[in-house]
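Numbers restart at 1 for each chain; the letters A, B, ... are given by sequence-line order, proteins then strands. Bear in mind the structure is a predicted one, so any value in this text is a computation, not a measurement.
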Amino acid sequence: MRIATWNVNSIRSRIDRVEDWLRRTDVDVLCMQETKAREDQFPFDRFEALGYEVAHHGLNQWNGVAVLSRVGLDDVQVGFEGDPGWGEPLAAEARAIGATCGGVRFWSVYVPNGRALDDPHMAYKLAWLGQLRDRAVEWAADGTPVALCGDWNIAPRDEDVWSMEYYLDKSHVSPPERAAFHAFLDAGFVDVVRPHTPGAYTYWDYQRLAFPKKRGMRIDFVLGSASFAARVAGAAIDREERKGTGASDHAPVVVELDD
DNA sequence: ATGGTAGACGCTCTA
């Protein structure tokens, strides 16, 4: 089974490229983030025509997450218990959706950005991650293969950013964020892509010619439970997909699983 | 040339 995760940065503006990529890459399951669409705006028909079942969660023009599958799509769950929420009134944003596909419990997650170290969004990000970790431990407790796929908005290691000097005192690399990420590893989840993609980035800012200057970050991850990680045969970051006009600022991340 | 983007409910916010 081939699975992938991809922050598409607006499915409505990206649908042609995503469709081309699916035809080319032939994945069985795709977790998408930042669809930036309500349910009535999401192009379900385009994916169904390619043979995928689709579960999408989108409330407005921000966030939005989806799971596409051609190996079954069951027990869809929108959001998770304990999501701290955001806004007034406090409410969960469209940042997580779960579905069981081909015997694996997938979660497509779009972790809050955090924005800046002293921004209220940072406390929200850390609380959100803490709750997700607690739920993830519960989901994996009975040995079910669980894959937490998405845009984590954290660069866990210094080598995951093009310049630590540049990111010093900025979001994505701070000790509390890295601790929140590491809590998943401490709980037994495994970054299954890193061993197969040393030194690679998954995201390049649209600004300041970041892509041609190779100024990227590794912030998109597939964290697998032990039983999921044991089946990983390979992984790749499709840097080619970041090229050209109309590209998302994130590259797709692909994982190959043994049956 | 010391800047440079992109997408959305676009005259401003988010990343």
- line: A/H121 atom NE2 is separated from B/dA15 atom C1', nearest whole Å, by 11 Å
- prompt: Are A/F221 and A/F181 an aromatic pair by the rule of ring centers under 6.0 Å?
  reply: yes
statement: Connected to A/I237, directly or through other members, by ILVMFWY side-chain contacts below 4.5 Å are A/M1, A/I3, A/V29, A/V65, A/V67, A/V71, A/L73, A/V76, A/V78, A/I97, A/V104, A/F106, A/Y110, A/V190, A/V192, A/V193, A/V222, A/F228, A/V232, A/V253, A/V255, A/L257
message: From C-beta outward on A/R38, which listed nucleotide comes closest to its side chain: B/dC9, B/dA8, B/dA15?
response: B/dC9
- prompt: Between atom CD in A/Q207 and atom P in B/dG4, what is the gap in whole Å?
  reply: 9 Å
- line: The answer to which of A/Y110 and A/Q61 contacts DNA chain B further toward the 5' end, by nearest nucleotide, is A/Q61
message: With a 4.0 Å cutoff (strictly under), does any side-chain N or O of A/R12 reach OP1 or OP2 of B/dG7?
response: no
field: Separation of B/dT2 P from A/Y166 OH (nearest whole Å)
entry: 18 Å
task: Give one of base, sugar-phosphate or nothing for A/Q41, where a contact means two heavy atoms less than 4.0 Å apart.
output: sugar-phosphate
Options B/dG4, B/dA15, B/dC9, nucleotide nearest the side-chain atoms of A/E34: B/dA15
- prompt: What integer number of Å spans the C1' atoms of B/dT14 and B/dG10?
  reply: 12 Å
message: Please compare A/N153 and A/L59 by the position of their nearest nucleotide in DNA chain B and report the one closer to 5'.
response: A/L59
task: Starting from P on B/dA6, measure out to CG on A/N9 and report it in whole angstrom.
output: 11 Å
- line: Separation of B/dT5 atom C1' from A/W204 atom CH2, nearest Å, is 16 Å
- prompt: Should A/R14 be listed as having a side-chain N or O under 4.0 Å from OP1 or OP2 of B/dA6?
  reply: no
field: Heavy-atom donor-acceptor pair, A/R215 side chain to A/L209 backbone, under 3.5 Å
entry: no
Integer-rounded Å distance: B/dA8 P and A/I15 CD1: 12 Å
- prompt: Do A/W204 and A/H250 make the cut of ring centroids closer than 6.0 angstrom?
  reply: no
- prompt: Looking at the rings of A/W6 and A/W21, which for Trp means the six-membered one, are their centres under 6.0 Å apart?
  reply: yes
C1' spacing across the pair B/dG3 / B/dC9, given as an integer number of angstrom: 31 Å
query: Roughly how many Å is it from CZ in A/R208 to P in B/dT2, rounded to a whole number?
result: 16 Å
Separation of the P atoms in B/dT2 and B/dG7, to the nearest angstrom: 26 Å
message: What's A/R215 touching, base or sugar-phosphate or nothing? Going by heavy atoms closer than 4.0 Å.
response: nothing
task: Provide, to the nearest angstrom, the distance between the CG atom belonging to A/L209 and the C1' atom belonging to B/dG3.
output: 8 Å
